[in-house]
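Below is one structure, written out as C-alpha cells; comments come after it.
Residue numbers run from 1 in the order of the sequence given.
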Amino acid sequence: MTAVADVRPLRPGKAKLFFAGLLVLLLALAADVFLRDGLARLSELLFDAFQRAAPRTATLDPGVLVVDIDEASLQRIGQWPWPRDQIGQLVDTAGELGAAAIAFDMVFTEPDRTSLGPQLQRLRARGMDIRVPPEAVLDNDQLFAQAIARNPVVVGVAPSDEVERLLPPPLAGMAFAGSDPARYLPGVGGGLSNLPMLTAAASGIGSFSFPPAHDNIIRTMPLVASATGRLYPGLGVEALRVAQGASGLMLRSSDASGESGGGPLALLSLKVGMLELPAVTDGHFRLHYSGMPHMTVIPAWQLLQDDAATLADKLEGRIVLVGTSAIGLRDIVATPLAAAVPGVNVHAELIDQAMNQQFLLRPDWARGAEVLLAIVSALVLLLVLGSGRGLLSALALLVLGGVSLGGAWWSYRQHSLLLDPLPALLCQLTVFVTMMPALLFFGNREKRFVRSAFGRYLSPALVERLSHDASALRLGGENREISVLFSDIRGFTTLSETLAPDALTALLNRYLTPMSDVLLAHEATIDKYIGDAIMAFWNAPVDIAGHPRKACLAALGMAAAVDALNRAHGSALKIGVGVHLGDACVGNLGSQQRFSYSAIGDTVNLASRVESLTKFYGVTLMVTEAVRAQAADLAFVEADRVRVVGRSEPVLLHVLLGDAQLAGEAGFGEIARQHAQMLEAYRAADFEAAQRILEGLCREPAAAPLSGLHALYVQRLEALCRNPPAHWDGIFTATSK
C-alpha cells in the first residue's frame, strides 16, 4: 500500500504547536501578573458570590447588639442631632442594663446648640430675668461627657486626608511583635474627632471609617488605622478591648520572631484581650458576612422610655453599638450580601467574628498554589488539545475549569480559605482559545492525510480509528502478530496473452473491486495489488480482535464473490488464496518522500508460499495450522505436511471449505473423518489402506470440493505402492515457490 506525502509536518508540527502552547501559557501567566489589579476585582466578585451562596453560619445569640437611630426614633424624639443630654440618658440606660461596652459609630465634633447655657444667654440678652440654681448643669455636652465617664464607652474618630484636624492620642496601649505598623501602614494626615471633653471621658477611641473600594462594597475593615503618625484601633476592636477590660493591643508584623519574613512588611495579626484576629493587606480584616439575622436591634427611642428596664435581658453582657439606619443620615453601605445595610452592622459583623473566632483566611502559600494549579491544569489541557479532538478538548476545558472553580468553592466552604481560581481559568481559557484552532487545523490535516493514504486500503471504520491517532504514520516499523492473505487468479498469465490491454484492464477492475469490497468488509488492510494478485493483512495498523478468523471468512467471501462474478459475466475465473498467522514487521517502509505501509518477514513469505501451493493441491483456500487453531469452528480438513522452499521445518496445511454452519453438518463431519483416516494411514506408510479409504472418498458427492486434492493423493499413493520408500516421514518437500 503506497502513499506519497511529506510526512515531516505531521508529528513535528504538533511538537512545535506544543511549544507554542507553552509560550501562550507563559504569556497568560505574565498577563495575570501585570493585570493583577483588574483580575483581583474579578476575584473579589467571585468571593462575593461565594458569600452570597454560603454566608457565614449565623450566631444564634450574638454578643453584640445595635441601638438604631432609625426613622421611627427620629419621628418620636425629633430630628437629628438630638440634644446630647438625651444621648447621655441613652448611655446611662445601656450601662445600667449591663452593657459590656457602648461604642458610637458616629462623631460629635461640634458643641450641642440645644444646650441651655447658650439659650439662657440669648434670653437674658433680650432683657428677660431668668434665674437658674447654681448647681444646674446647662451644657448638654458636659452632661453627655459625665454619662460617658460613668460607663464603658468607646467614642469614634474618622481618620481622613480631607480634614487637617489633629486627632487625640489613642487610649489603647500598643505592643508590637516586630516593627511598629505605623512605619509601613498607609496613613492619613488628620481626621474628625469628638469634643475634647467627650474624648477625655471615654474608655476607648476607635476608628469607624470604611476603606474606599472601587465598587463601594465593604469587604474589609482596618484593624488599626494610621493617622498623624499614630495607630487607632478599629471601632469594633476597641469595643472588644473595653468589653474585656484589656489595657492594650498586641500587633504582630511579618518580621516578628518566628515569622518567615522575606517579603514586604505587613501586619499579620492583632490580639485584643483573649481574642486574636488575622490581618490581610494593609492591616485590614476580611469580613465573612452572616447577615446577623439573630442579632438584636433596639430602636433608640426604646432606651429613652420609662420602661427601658425591660430590655435588660437583651443588653446585659453585650457590646452595644450605637448607629443609624435612617436614610437621611447617610450611613448606608453595600456588602457582598446586600446592596444597602446600616454601616453599624458591618462593625457588628467584625465583633461577632472575633468573638466566635470565625475567619476568612488567605494563607501566604495561596498565590503559589494558584500559579501551580494554573500551570499544571493548562499543561494537561494542552496535552489533551494535542489529540486534535475538539469535543474531548472542550470537555477537558470544562472539567479542568470545574475542578479549579470547585476546588476554590470547596476550600471556602470546608476550610474558610480564599483560593483564587481565576489564574487557572485564565490560563486554561487562553490556551484553549489560542491553540484549539491551530491544533484542529493540523489535526484535520493529519486526518485528511490518513484518509487519503488509507481510504482505499482500509474499511471506513478502520480509517476513522486510525485518523484519530496518526502516530503510526512515521517512517519505520514494529513487530506485530498479523494474519496475512495472498490471492491470485489461476492461469492469469495465459489469460492475459489472449486479451487486448483494455479488455484485460476491464477484467482486472471487474475482479479486484469485489475482492477489495470483501476484504474491507472484514477489516483487512489491503497492502498491494500486483497484477491479479492481492496481498492483505489484519491487526495492523490498528488492533483487530479475532483477526485469524476474519481472514478465513474474508477468504470464503472472496471465493463466493468469484462465483457470483462468473455467473454474472459468464466467465470461468478461479482463484487461489493462502492465509498464514505470525509475527511480522509492519510500518511505513521507504523514504521521507515516498513510503509504503506494508509488512515484511517470514510470515509474509510463508503466506505467499501457501497461496502458491493451492494450485499444486487443486484447492481454492488453504491456511496454516496457526490460522486453523484460531478459527477452529470453521470447516477445515488437513491437506498435507509440506517443507516449503526456504524453510527447513515442515508446515501443516489445511483446506478451508466453509464456515461454522458447514462445520456443524453431519455430511461434512463424515467426509472430514474419512479424510483424516486416509491421512493417518498415509503417514503410517500403510499406503494400501490409504488407497481404499481414498477410493471411497472419491465416490462421495460431498467430497467434490476436495477432488483436486484427492486426485493428487491418488497419484501419490499409486507411486508409493509401486515403489515404497526406504525412509518415510509423510512430509512433502516443495521444489518451487
Using the rule given for side-chain contact (heavy atoms from CB on, under 4.5 Å), can you reason through D488 versus E611, listing the C-alpha separation, both sets of side-chain angles and the distance that settles it, and then say yes or no? CA-CA 8 Å; D488 72 355; E611 184 275 320; 2.5 Å; yes
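- Using a 4.0 Å cut-off between charged side-chain N and carboxylate O, R480 and E478 make a salt bridge.
- Looking at heavy atoms from C-beta onward, L553 lies in side-chain contact with R549 at the 4.5 angstrom threshold.
- The closest side-chain heavy-atom distance from I489 to K574 is not below 4.5 Å.
- Note that the OG1 atom of T624 and the NE2 atom of H654 stand 8.0 Å from one another [nearest 0.5 Å].
- Atom-to-atom distance recorded for I534:CD1 and M515:CE is 7.0 Å, nearest 0.5 angstrom.
- Looking at T525, its side chain does come within 3.5 Å of a backbone N or O of A540 through a donor-acceptor pair.
- The two residues Y682 and A690 make their nearest non-hydrogen contact at N-CB, 3.9 Å.
- No more than 12 heavy atoms of other residues, nucleotides or ligands sit less than 6.0 Å from atom CG of L391.
- For the pair V610/V579, no side-chain contact is recorded, criterion being any heavy-atom separation below 4.5 Å from C-beta on.
- Counting heavy atoms from C-beta on, the side chains of L25 and L382 never come closer than 4.5 Å.
- The ring of F616 has its center closer than 6.0 angstrom to the ring center of F732.
- The side-chain heavy atoms of F687 and W728, taken from C-beta on, include a pair separated by under 4.5 Å.
- K528 and I530 make their closest contact through CD-CD1, 3.5 Å (heavy atoms, listed as atom of the first residue, atom of the second, distance).
- In this structure a side-chain-to-backbone donor-acceptor pair under 3.5 Å is present from E370 to D420.
- With S496 contributing its side chain and T493 its backbone, the two residues share a donor-acceptor pair below 3.5 Å.
- With S487 as the fixed residue, the side chain to side chain contact (heavy atoms under 4.5 Å, CB included) test singles out one of D532, L519, V577: V577.
- The structure places CZ of R609 at 13.0 Å from CG of L653, a figure rounded to the nearest 0.5 Å.
- Of the possible polar contacts, one joining the N539 side chain to the E481 backbone as a donor-acceptor pair under 3.5 Å is found.
- Atom CE of M678 is separated from atom SG of C698 by 8.5 Å, given to the nearest 0.5 angstrom.
- Partners of D659 according to the salt bridge (charged side-chain N to carboxylate O under 4.0 Å, His left out) rule, which considers only residues two or more places apart in sequence or in another chain, do not exist here.
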Please tabulate, one pair per line, all N/O donor-acceptor pairs under 3.5 Å involving side-chain atoms of residues 400-407, not counting sequence neighbours.
unit_1	atom_1	unit_2	atom_2	d
S404	OG	L400	O	2.9
S404	OG	Q428	NE2	3.0

Using residues 557-570 as the side-chain source, report each donor-acceptor pair under 3.5 Å to any protein atom, sequence neighbours left out, with the distance given to one decimal.
unit_1	atom_1	unit_2	atom_2	d
N566	OD1	S571	OG	2.7
N566	OD1	L573	N	2.9
N566	ND2	V562	O	3.3
N566	ND2	L573	O	2.9

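- Not one N or O on the side chain of S608 forms a donor-acceptor pair closer than 3.5 Å with the backbone of V604.
- Heavy atoms only, all atoms of each residue included: L581 and T603 are closest at C-CG2, 4.1 Å.
- Here the closest non-hydrogen pair linking L508 and G531 is CD2-O, 4.0 Å.
- For the pair A703 and H710, the tightest heavy-atom approach, listed with the atom from each and the gap, is CB-CE1, 4.1 Å.
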Apply side-chain contact (heavy atoms from CB on, under 4.5 Å) to M622 and L656, showing your working. CA-CA 6 Å; M622 196 149 57; L656 174 60; over 6 Å; no
Evaluate the criterion side-chain contact (heavy atoms from CB on, under 4.5 Å) for residue pair V623 and C552; output intermediate values, then yes/no. CA-CA 8 Å; V623 305; C552 292; 4.3 Å; yes
Take Q691 and E718, measure what side-chain contact (heavy atoms from CB on, under 4.5 Å) needs, and give me the verdict at the end. CA-CA 8 Å; Q691 274 185 319; E718 288 177 353; 3.7 Å; yes
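- One side chain, E670 or Q674, offers a donor N or O that lies under 3.5 Å from an acceptor on the other.
- Separating the CG atom in L397 from the OG atom in S377 is a distance of 9.5 Å, to the nearest 0.5 Å.
- The side-chain heavy atoms of T733 and V642, taken from C-beta on, include no pair separated by under 4.5 Å.
- Across every non-hydrogen atom of V518 and A554, the tightest pair is CG1-O, 3.5 Å.
- When side chains are defined from C-beta on, S483 does not count as touching V627, because their heavy atoms never get closer than 4.5 Å.
- Side chain of T434 to backbone of V431: no donor-acceptor contact under 3.5 angstrom is found.
- Note that CG of L634 and CD of Q661 are 12.0 Å apart. Values are rounded to the nearest 0.5 Å.
- E638 and H675 are not linked by any side-chain donor-acceptor pair at a separation below 3.5 angstrom, with hydrogens and angles left out of the test.
- Contact of the V655 side chain with the L621 side chain is not registered, since no non-hydrogen atoms from C-beta on lie closer than 4.5 Å.
- For the pair T430 (side chain) and C427 (backbone), a donor-acceptor distance under 3.5 Å is absent.
- In this structure, W538 contributes its side chain and H522 its backbone to a donor-acceptor pair below 3.5 Å.
- For the pair R641 (side chain) and I731 (backbone), a donor-acceptor distance under 3.5 Å is absent.
- Residues Y617 and D640 bring a donor and an acceptor atom of their side chains to less than 3.5 Å of each other.
- With salt bridges taken as basic N to acidic carboxylate O contacts below 4.0 Å, none links R683 and D729.
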